[in-house]
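All residue numbers refer to positions in the sequence shown, counting from 1. Fair warning: this is a prediction, and the values are worked out from it, not measured in the lab.
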Amino acid sequence: MKVNINVDENLVEDRAEFYLQEMTDKITRIAKELTNNNSGLWCYKNRDIIPVKYEEIILIQSENNILMVYTNEDSYEYHGRLYQVKDELPNMFIEASRSAIFNYRKIDHLEILGSGMIDVILENQMRVGISRRKIKILKERLGL
């Protein structure tokens, strides 16, 4: 593979061209992230609507039919469904189960349980159980 990078200060907008033999899932995720102009989610806190940057989000979890967004400092409600949010999120997020997505850059450590299951302990000490079907994805993303 050969990559050439040229910077042209006279360009009106950023542009990239890729020549690929095959469109893989990983390349699709990268392309989606490059074309995503959103930098976060608009969440609710009491009666206020607040932008929460993706980099600050630790966990997005469905609790009693309410979608909660957690950061180190606070928690917010998001008016939408988890499957809708999942499609908007950048590559730093991993689906833990049908009800939770977490930012893998905010992992404190992993805990392997006696049953062979894995719990992710996040920076804010929240615990997220990884479903059996998602363990392989977690290991691939972390390089394990």
Side-chain angles (χ1 to χ4, degrees), residues 3 5 7-144:
V3 177
I5 300 175
V7 177
D8 185 350
E9 296 168 0
N10 297 321
L11 279 178
V12 176
E13 63 182 32
D14 292 334
R15 180 177 157 193
E17 291 183 20
F18 299 93
Y19 299 93
L20 308 168
Q21 291 179 351
E22 178 183 358
M23 188 66 158
T24 64
D25 290 340
K26 187 173 184 177
I27 293 170
T28 301
R29 280 195 318 268
I30 292 168
K32 180 180 167 188
E33 194 168 329
L34 288 172
T35 58
N36 188 354
N37 293 330
N38 296 336
S39 60
L41 297 174
W42 286 93
C43 299
Y44 293 81
K45 181 70 176 180
N46 300 323
R47 300 193 86 163
D48 298 326
I49 302 174
I50 301 166
V52 180
K53 293 182 181 178
Y54 290 132
E55 298 82 33
E56 296 174 1
I57 297 173
I58 291 180
L59 174 66
I60 303 170
Q61 184 167 280
S62 179
E63 301 172 4
N64 300 323
N65 292 324
I66 298 172
L67 196 59
M68 298 299 296
V69 176
Y70 294 96
T71 65
N72 272 333
E73 292 80 32
D74 220 337
S75 62
Y76 307 90
E77 286 185 26
Y78 181 81
H79 293 185
R81 299 276 187 202
L82 191 61
Y83 72 88
Q84 294 167 327
V85 173
K86 183 176 89 170
D87 293 337
E88 293 179 34
L89 295 173
N91 197 33
M92 69 182 83
F93 289 90
I94 298 176
E95 189 174 8
S97 64
R98 289 182 180 165
S99 62
I101 298 173
F102 67 95
N103 184 341
Y104 81 89
R105 295 179 182 165
K106 304 290 185 177
I107 294 175
D108 185 62
H109 65 278
L110 302 176
E111 188 174 308
I112 300 173
L113 306 175
S115 62
M117 298 294 293
I118 297 175
D119 276 1
V120 173
I121 313 303
L122 300 167
E123 287 177 354
N124 64 354
Q125 298 308 303
M126 290 187 81
R127 179 181 293 264
V128 181
I130 305 296
S131 73
R132 290 190 187 275
R133 288 177 276 157
K134 305 297 181 184
I135 289 175
K136 180 181 177 187
I137 296 167
L138 174 67
K139 287 181 175 181
E140 286 174 358
R141 190 72 62 86
L142 297 178
L144 300 175

Under the 3.5 angstrom rule, does the side chain of [X] hit a backbone N or O of [Y] as a donor-acceptor pair?
X	Y	value
Arg98	Leu82	no
Asn103	Ile57	yes
Lys106	Glu55	yes
Asn64	Ile66	no

Can you measure from [atom1] ([X]) to [atom2] ([Y]) and round to the nearest 0.5 angstrom?
X	Y	atom1	atom2	answer
Met126	Asn72	CE	CG	11.0 Å
Glu123	Thr71	CD	OG1	11.0 Å
Gln61	Ser97	CD	OG	7.0 Å
Leu122	His109	CG	NE2	10.0 Å

For [X], side chain to side chain contact (heavy atoms under 4.5 Å, CB included) partners two or more places apart:
X	value
Leu142	Tyr104, Ile107, Leu110, Leu138, Leu144
Asp108	Gln125
Lys134	Glu95, Ile130, Ser131, Ile137

Exercise. Begin from the C-alpha positions of Ile101 and Val85 and carry the test side-chain contact (heavy atoms from CB on, under 4.5 Å) through to its verdict.
Key: CA-CA 9 Å; Ile101 298 173; Val85 173; 5.5 Å; no
Practice problem: Name all residues meeting the ring pair (Phe, Tyr, Trp, His ring centres under 6.0 Å) criterion together with His79; count only those two or more places apart in sequence or in a different chain, and write none if there are none. | Solution: Tyr44
Quiz item: Can you list the steps and then say if Glu88 with Tyr54 is a side-chain contact (heavy atoms from CB on, under 4.5 Å)?
Solution: CA-CA 10 Å; Glu88 293 179 34; Tyr54 290 132; 4.1 Å; yes
Self-check item: Under the salt bridge (charged side-chain N to carboxylate O under 4.0 Å, His left out) test, residues paired with Arg47 that sit two or more places apart
Solution: none
Quiz prompt | Partners meeting salt bridge (charged side-chain N to carboxylate O under 4.0 Å, His left out) with Glu63 (sequence neighbours left out) | solution = none
Self-check item: NZ (Lys139) with more than 12 external heavy atoms under 6.0 Å
Solution: no
Quiz item: So Ile60 and Tyr78, side-chain contact (heavy atoms from CB on, under 4.5 Å) or not? Walk me through it.
Solution: CA-CA 9 Å; Ile60 303 170; Tyr78 181 81; over 6 Å; no
